[in-house]
Amino acid sequence: MLMFRYSSLLWFCIFLASAMFVISACTTHTSGGAKADNNWPGETRRLKNAGAAYAGPQYNIGIARFDNKAPAKVSGAGAAAAAILRSQLETAGLKSILLDEYSSREAEKFKALQRSGIANIEKNDSGSGFDAPDYRLSGAVTAYSEVEEVADGIMFQKKSTVARVTVDYALSDFATGKTLVAESVTGEYRKTNTGASGPGAKSFLDPNLRDGALHDALAKSSVSVIRKLGSMPFQGKLLAVDGPSLVLKAGRRSQLKVGTQLAVYRVSEALTDPDNGRVLAYRESRIGVIQIGNHQDINNSTAAVVSGSGFRAGDVVKLIP
């Protein structure tokens with residue numbers, strides 16, 4: 001009789017352990033990360049490293065809302081791409097603004113006024129709330145997909161939902177319209193779910209899949225933009241003109257030596273496509289030479305006129321070839 005009770009207790013313990021195992025197996029475990037980075041902190045490290053290596057002026061980058069051209073429409077992908085790009089550039093230490101419809105109109109208006117000499121886009125009206133960009137970053141989400149990969153085991157099933165995105169983007173000089181970078185980048189984000197095998201297992205749905213894939217793709221474009229700006233010869237703008245004394249966007253961050261001479265250019269006539277009237281670029285005319293006197297801070301410098309006249313705030317300054 002005692003032996004029977006021990007046997008019953010043993011079987012009860014085995015049954016209880018089995019039940020607990022099944023319950024544990026039914027509990028899902030998830031993990032995820034961007035391809036080649038495993039997590040967004042890895043992306044942050046890449047951007048900060050790229051920013052630390054950048055030694056150019058503090059350019060202002062205007063980011064236009066990206067178009068959404070993916071065959072399967074992904075709600076909000078264009079706006080998300082622009083917001084993520086801004087966050088990434090800020091992480092790297094570069095200044096950026098989002099060009100919404102109002103800001104884009106204001107940018108074009110200030111640019112036209114600056115060319116005409118009526119106003120300049122660098123000495124902004126403090127009440128306008130608009131900060132004129134030096135470069136424009138625009139693009140489109142051209143492809144997006146989500147696929148599910150399943151690996152079945154004896155007791156467990158591993159499901160991965162993989163989001164892939166393709167983004168086309170271009171970096172252009174805001175004043176001249178000249179394209180500096182035009183590339184297509186791809187990104188991937190994977191979310192893994194581990195749970196019980198069999199028909200009872202459910203797929204895992206993650207609303208962050210889209211943003212994860214965008215983070216992966218746009219980190220590549222942000223690093224490319226930073227490297228391009230860092231590899232270019234110095235280019236700045238006159239901020240103020242008071243007779244022979246000038247202030248320009250340069251500063252200690254530009255790494256220009258005191259005494260360096262720079263050519264000054266006036267951006268004027270629009271060059272348009274004769275077939276459709278689209279503005280392709282703007283004509284630049286060299287109007288004089290200036291010489292750096294001293295650096296006021298990391299972003300601004302003073303200069304004196306060497307030759308030429310008629311300088312005004314907004315004129316472009318470059319290293320003399």
Side-chain angles (χ1 to χ4, degrees), residues 54-63 89 94-97 99 103 106-126 128 130-137 171-180 225 228-230 232-258 260-270 281-321:
Y54 176 72
Q58 182 60 277
Y59 294 125
N60 194 11
I61 302 173
I63 303 174
L89 292 175
L94 274 71
K95 187 177 179 182
S96 62
I97 57 173
L99 293 176
S103 298
E106 288 296 296
E108 293 301 327
K109 182 172 70 174
F110 273 99
K111 188 164 61 173
L113 291 174
Q114 180 252 337
R115 292 195 190 95
S116 68
I118 299 174
N120 68 78
I121 61 174
E122 284 299 335
K123 285 185 69 176
N124 297 318
D125 179 355
S126 60
S128 68
F130 176 73
D131 197 3
D134 298 298
Y135 296 96
R136 185 175 187 269
L137 192 55
L171 176 72
S172 59
D173 186 302
F174 185 79
T176 65
K178 181 180 179 182
T179 299
L180 306 175
V225 165
K228 178 62 178 179
L229 293 177
M232 292 168 52
F234 169 80
Q235 176 175 309
K237 288 181 181 178
L238 295 182
L239 303 179
V241 178
D242 183 12
S245 301
L246 308 98
V247 177
L248 69 149
K249 184 184 289 187
R252 293 188 298 273
R253 186 170 183 173
S254 69
Q255 299 190 27
L256 295 176
K257 295 180 179 179
V258 171
T260 299
Q261 293 191 351
L262 303 164
V264 182
Y265 294 84
R266 174 70 43 75
V267 180
S268 55
E269 181 186 359
Y282 293 88
R283 189 183 301 278
E284 290 182 319
S285 303
R286 179 165 164 169
I287 60 174
V289 175
I290 62 175
Q291 181 172 300
I292 292 180
N294 63 73
H295 298 308
Q296 294 182 320
D297 50 39
I298 62 172
N299 294 320
N300 303 311
S301 303
T302 62
V305 176
V306 175
S307 63
S309 61
F311 303 109
R312 59 176 182 243
D315 286 339
V316 177
V317 294
K318 300 180 182 180
L319 285 172
I320 297 175

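When reading the values below, keep in mind they use all heavy atoms of this one structure, side chains included, and skip hydrogens, waters and symmetry mates. The chain is numbered in sequence order, starting from 1.
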Heavy-atom closest pair, residues Tyr59 and Phe234: OH-C, 4.4 Å
All side-chain contact (heavy atoms from CB on, under 4.5 Å) counterparts of Asp242, not counting sequence neighbours: none
Partner set under side-chain contact (heavy atoms from CB on, under 4.5 Å) for Arg286, not counting sequence neighbours: Ala263, Tyr265, Val289, Ile320
Test item: side-chain donor near acceptor, Gln235 and Asp134, under 3.5 Å: no
Set of ring pair (Phe, Tyr, Trp, His ring centres under 6.0 Å) partners for Tyr54, sequence neighbours left out: none
Over all atoms of both residues, closest heavy-atom pair of Ile292 and Ser301: CG2-CB, 4.4 Å
Side-chain ion pair, Lys237 and Asp315, N-O less than 4.0 Å: no
Heavy-atom side-chain contact between Leu239 and Leu248 under 4.5 Å: no
Verdict with supporting geometry, Ile298 and His295, side chain to side chain contact (heavy atoms under 4.5 Å, CB included): CA-CA 7 Å; Ile298 62 172; His295 298 308; over 6 Å; no
CD1-OG distance between Ile287 and Ser309, expressed to the nearest 0.5 angstrom: 8.0 Å
Set of side-chain hydrogen bond (donor to acceptor under 3.5 Å, both in side chains) partners for Thr302, sequence neighbours left out: Asn294
Counterpart residues, ring pair (Phe, Tyr, Trp, His ring centres under 6.0 Å), relative to Phe311 (two or more places apart): none
With Lys318 via salt bridge (Lys or Arg N to Asp or Glu O under 4.0 Å) - residues at least two apart: Glu284
Anything under 3.5 Å between a donor and an acceptor, one on a side chain of residues 250-257, the other on a protein residue two or more places apart or in another chain? List them.
| unit_1 | atom_1 | unit_2 | atom_2 | d |
| --- | --- | --- | --- | --- |
| Arg253 | NE | Gly56 | O | 3.1 |
| Ser254 | OG | Gly251 | O | 2.6 |
| Ser254 | OG | Leu256 | N | 3.3 |

Residue pair Leu171 / Arg136, side-chain heavy-atom distance below 4.5 Å: no
Test item: Leu238 and Val264 side chains (from C-beta on) under 4.5 Å apart, heavy atoms: yes
Derivation of the side chain to side chain contact (heavy atoms under 4.5 Å, CB included) call for Leu229 and Leu94: CA-CA 11 Å; Leu229 293 177; Leu94 274 71; 3.9 Å; yes
Shortest non-hydrogen contact between Lys228 and Leu180, atoms and distance: CE-O, 3.5 Å
Ile61 side chain reached by Phe174 side chain, heavy atoms, under 4.5 Å: no
Any residue meeting side-chain hydrogen bond (donor to acceptor under 3.5 Å, both in side chains) with Gln296, in chain and number order, not counting sequence neighbours: none
Any side-chain heavy-atom pair of Val316 and Val267 under 4.5 Å: yes
Stepwise side chain to side chain contact (heavy atoms under 4.5 Å, CB included) test for Leu89 and Ile63: CA-CA 10 Å; Leu89 292 175; Ile63 303 174; 3.9 Å; yes
